[in-house]
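Okay, so here's the structure we're looking at.
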Amino acid sequence: MKAQNEQRAGLLYGFGAYGMWGLVPLFWPLLMPAGAVEILAHRMTWSLAVVGVALLAVRRWGWIRELLRQPRKLGLTALAASVISVNWGLYIWSVNNGHVVESSLGYFINPLVSIAMGVLVLGERLRRAQWVAVGITFAAVLVLAIGYGRPPWISLVLACSFATYGLIKKKLNMGGLESLAAETAMLFLPALGYLLWLGAQGQSSFTSQGVGHALLLAATGLVTAIPLVFFGAAAIRVPLSTLGLLQYMAPVFQFGLGVLYFHEAMPPERWAGFSLVWAALALLTWDALRTARRSRARLVAAPVIAPAPAREPA
């Protein structure tokens, strides 16, 4: 009964995390006239404040000394911070400049880019269905490039940057709260310096657009941290395969908002490209579920080796 309650709670946390990530395109336009870089700088600054409060609550500080003693880990953390800055900044810019649908495509193809990176960087071997899914995605990008009249660069940069971020996080092997704290700590001074410079130039919207606007910019810390906390709570309660299925919620919501709320154009060639991506994801999901089922069946069928009887003392 307790296990069922834990799994139910995990599903709710998962729905909450991916639901918030899927609905976040509604939030970024509220921050205009702030530009994407100013919003990004506020997101970095206020995220550290939120994470700092969370660390105070859980009293988890020992990891800082350990991190400072490992130059390689520090370097990887700095690289992760740089990569996620590119991802965050481009995503904010794309939403506020009418590219919600194209940004959603980036998160649709992200799992497939991660698979490709596993082959190229980690030397992983793909199953036949995974190769087919990657091939279909490549065809989809070509179709979309023809439809847009250019490569879908927003989607590709978002997908590649987030897949790279995931690869670095895999190598870092740090907890979600700790890694976010380390990354935002590294980004804090450059972000704060940029905000102070904007203020000195008289170009800061934080001080010129009223209290409500300032509070919304401060809320970027909560918008960043809360879904990550929910995701962490879900990750320890539900199987990884379930999380893998839930991750498609975010781009589905983003795509729906782009088409139905922001009324972005979807000519036939874009529908064709997205349909190919969705077909690749369906194939990938089917293959993952089939592989997990076969692994469970092998474990159940494996013979149980009885322990050798203990010898009597002579």
Side-chain angles (χ1 to χ4, degrees), residues 13 15-54 81 84-108 110 154-155 157-158 161-162 180 183-184 187-188 190-231 247 249-266:
Y13 280 123
F15 280 121
Y18 286 109
M20 282 186 276
W21 280 326
L23 295 175
V24 80
L26 296 172
F27 179 71
W28 303 128
L30 299 177
L31 305 181
M32 292 194 288
V37 179
E38 183 182 0
I39 295 171
L40 177 62
H42 276 287
R43 188 176 188 182
M44 294 170 179
T45 305
W46 294 107
S47 292
L48 181 61
V50 172
V51 171
V53 171
I84 200 61
S85 298
V86 171
N87 185 273
W88 284 357
L90 179 58
Y91 182 67
I92 294 166
W93 178 88
S94 63
V95 169
N96 285 354
N97 285 273
H99 299 286
V100 177
V101 169
E102 191 174 349
S103 65
S104 75
L105 176 65
Y107 294 106
F108 274 124
N110 174 67
I154 294 173
S155 309
V157 173
L158 286 174
S161 59
F162 202 73
L180 182 62
E183 291 158 22
T184 49
L187 298 169
F188 177 76
L192 183 62
Y194 177 75
L195 293 175
L196 292 174
W197 178 82
L198 272 185
Q201 298 294 312
Q203 298 175 16
S204 171
S205 69
F206 185 77
T207 55
S208 63
Q209 296 296 316
V211 175
H213 181 74
L215 290 174
L216 282 172
L217 284 171
T220 55
L222 292 172
V223 169
T224 301
I226 291 176
L228 285 169
V229 171
F230 276 36
F231 174 79
Q247 75 175 323
M249 275 181 61
V252 165
F253 282 11
Q254 292 164 10
F255 177 80
L257 286 172
V259 174
L260 302 175
Y261 182 80
F262 294 102
H263 304 292
E264 293 184 16
M266 280 295 291

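Put simply, the side chain of Tyr261 does not reach to within 4.5 Å of the side chain of Pro25, judged on heavy atoms. Looking only at side-chain heavy atoms (C-beta outward), Met44 and Phe188 stay at 4.5 Å or farther from each other. Between Pro251 and Asn110 the shortest side-chain heavy-atom distance does not fall below 4.5 Å. Inter-residue side-chain proximity for Leu23 and Leu257 is flagged as met; some heavy-atom pair is nearer than 4.5 Å. Pro33 is listed as a side-chain neighbour of His213, based on a closest heavy-atom distance under 4.5 Å. Between Phe255 and Val100 the shortest side-chain heavy-atom distance does not fall below 4.5 Å.
Heavy-atom contacts from other residues, nucleotides or ligands closer than 6.0 Å to OH of Tyr107 number more than 12.
Shown here are the side-chain contact (heavy atoms from CB on, under 4.5 Å) partners of Pro190, two or more places apart in sequence or in another chain: there are none. Residues satisfying the ring-ring contact (aromatic ring centres under 6.0 Å, His included) criterion with Trp93, sequence neighbours excluded, are His99. By the side chain to side chain donor-acceptor pair (under 3.5 Å) test, Ser85 is found to be paired with no residue, residues two or more places apart in sequence or in another chain being considered. In terms of the side-chain contact (heavy atoms from CB on, under 4.5 Å) criterion, residue partners of Val24 (sequence neighbours excluded) are, by chain and number, Phe27, Trp28, Tyr91, Val223. Listed by chain and number, the residues in a side-chain contact (heavy atoms from CB on, under 4.5 Å) with Val50 are Leu222, Ala225 (sequence neighbours excluded).
For the residue pair Ser94 and Ile154, the shortest heavy atom distance occurs at CB-CG2, 3.9 Å. Nearest approach of Thr45 to Ala41, heavy atoms of both residues: OG1-O, 2.8 Å. Nearest heavy-atom pair across Asn96 and Pro29 is OD1-N, 3.2 Å. For the residue pair Gly22 and Gln254, the shortest heavy atom distance occurs at O-CG, 3.5 Å. For Thr184 against Ser47, the heavy-atom pair with the smallest separation is CG2-CB, 3.8 Å. Ala17 and Phe230 get closest at one heavy-atom pair: CB-CB, 3.8 Å.
Atom OG of Ser104 is separated from atom CD of Glu264 by 8.5 Å, given to the nearest 0.5 angstrom. Once rounded to the nearest 0.5 Å, the distance linking CD of Glu38 with OG1 of Thr220 reads 10.5 Å. Atom-to-atom distance recorded for Leu192:CG and Leu187:CG is 12.0 Å, nearest 0.5 angstrom. Taking CG from Leu198 and OG from Ser208, the interatomic distance works out to 10.0 Å, rounded to the nearest 0.5 Å. Remark: Leu26 CG to Phe253 CZ distance equals 11.0 Å, nearest 0.5 Å. The CZ atom of Phe15 lies 13.0 Å from the CE atom of Met20; values are rounded to the nearest 0.5 Å.
Residue pairs meeting the salt bridge (charged side-chain N to carboxylate O under 4.0 Å, His left out) criterion with at least one member in residues 88-102, sequence neighbours excluded: Glu102-Arg150.
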- [ ] Assess whether side chain to side chain contact (heavy atoms under 4.5 Å, CB included) is satisfied between Trp88 and Thr224, documenting all intermediate values.
- [x] CA-CA 10 Å; Trp88 284 357; Thr224 301; 3.8 Å; yes
Task: Chi angles and distances behind the side chain to side chain contact (heavy atoms under 4.5 Å, CB included) call for Ile92, Leu31 - done: CA-CA 10 Å; Ile92 294 166; Leu31 305 181; over 6 Å; no
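Aromatic ring orientation, Trp46 versus Phe206: tilted (interplanar angle from 30° to 60°).
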